[in-house]
Colleague: 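Questions regarding the structure given below will be posed in turn.
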Amino acid sequence: MPQTAMPILDIFISVTDPRYSSKVQHPLPDLLTIAACGVLAGADTFEEIELWAQEKLPWLRQYLSLPNGVPSHETDLAHQKWTPR
């Protein structure tokens, strides 16, 4: 019996977010999905991931919440201090 592929967002939804919720501007599943897709599309840096996401914003909005738009390369994953709670 062939297996069906699980959408990447469904995988990232199950990841525990270690960030303090009061400082979160972008949902972690959105960040991880953008980073993974950007790298698969050929991006090598956070800046290139951001540029890719800006170019693909209408497409990304079909799948991600993006309440504050595309994350900047200067925020979230690139410079987040991952402090355990």
Side-chain angles (χ1 to χ4, degrees):
M1 177 177 205
Q3 292 183 341
T4 58
M6 179 182 283
I8 193 169
L9 185 58
D10 289 348
I11 295 167
F12 291 142
I13 286 172
S14 66
V15 175
T16 302
D17 192 343
R19 302 172 298 168
Y20 290 105
S21 59
S22 63
K23 298 187 182 278
V24 171
Q25 295 180 10
H26 303 281
L28 186 60
D30 286 4
L31 291 173
L32 296 174
T33 300
I34 288 170
C37 290
V39 168
L40 289 171
D44 292 320
T45 65
F46 286 108
E47 291 87 354
E48 290 176 356
I49 292 170
E50 179 185 2
L51 290 172
W52 174 84
Q54 291 290 356
E55 290 175 5
K56 301 297 182 184
L57 185 57
W59 178 78
L60 288 168
R61 286 193 186 278
Q62 295 178 56
Y63 306 101
L64 306 176
S65 61
L66 300 172
N68 295 306
V70 171
S72 166
H73 68 274
E74 295 180 346
T75 60
D76 293 291
L77 289 179
H79 298 284
Q80 180 70 41
K81 292 183 181 175
W82 297 89
T83 306
R85 294 181 189 184

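This structure is a prediction, so every number in the text was calculated from the model and none was measured. Excluded from the calculations below are hydrogen atoms, water molecules and symmetry mates; all remaining heavy atoms, backbone and side chain alike, are included.
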Colleague: Do any pairs count as a side chain to side chain donor-acceptor pair (under 3.5 Å) and have a residue in residues 59-71, sequence neighbours left out, and if so which ones?
Modeller: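 Matches after skipping sequence neighbours: Asp30-Ser65.
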Colleague: For the atom pair CD1 (Ile34) and CD1 (Ile8), what is the distance rounded to the nearest 0.5 Å?
Modeller: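 Answer for the CD1-CD1 pair, Ile34 versus Ile8, is 11.0 Å.
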Colleague: Looking at every non-hydrogen atom in both residues, tell me the closest pair between His26 and Pro71 and how far apart they are.
Modeller: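 Minimum heavy-atom separation between His26 and Pro71: NE2-CA, 3.5 Å.
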Colleague: If you measure from OG1 on Thr33 to CD1 on Ile11, what distance do you get to the nearest 0.5 Å?
Modeller: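 CD1 of Ile11 is found 9.0 Å from OG1 of Thr33.
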Colleague: Side-chain donor-acceptor pairs under 3.5 Å in residues 44-57, sequence neighbours left out?
Modeller:
unit_1, atom_1, unit_2, atom_2, d
Thr45, OG1, Glu47, N, 3.4
Thr45, OG1, Glu47, OE1, 3.4
Thr45, OG1, Glu48, N, 3.0
Glu48, OE1, Asp44, N, 2.5
Glu50, OE1, His73, N, 2.9
Glu50, OE1, His73, ND1, 2.4

Colleague: Provide the closest heavy-atom pair for Thr16 versus Leu28 in the form atom of the first, atom of the second, distance.
Modeller: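 Heavy atoms only, the tightest pair is O-CD2, 3.9 Å.
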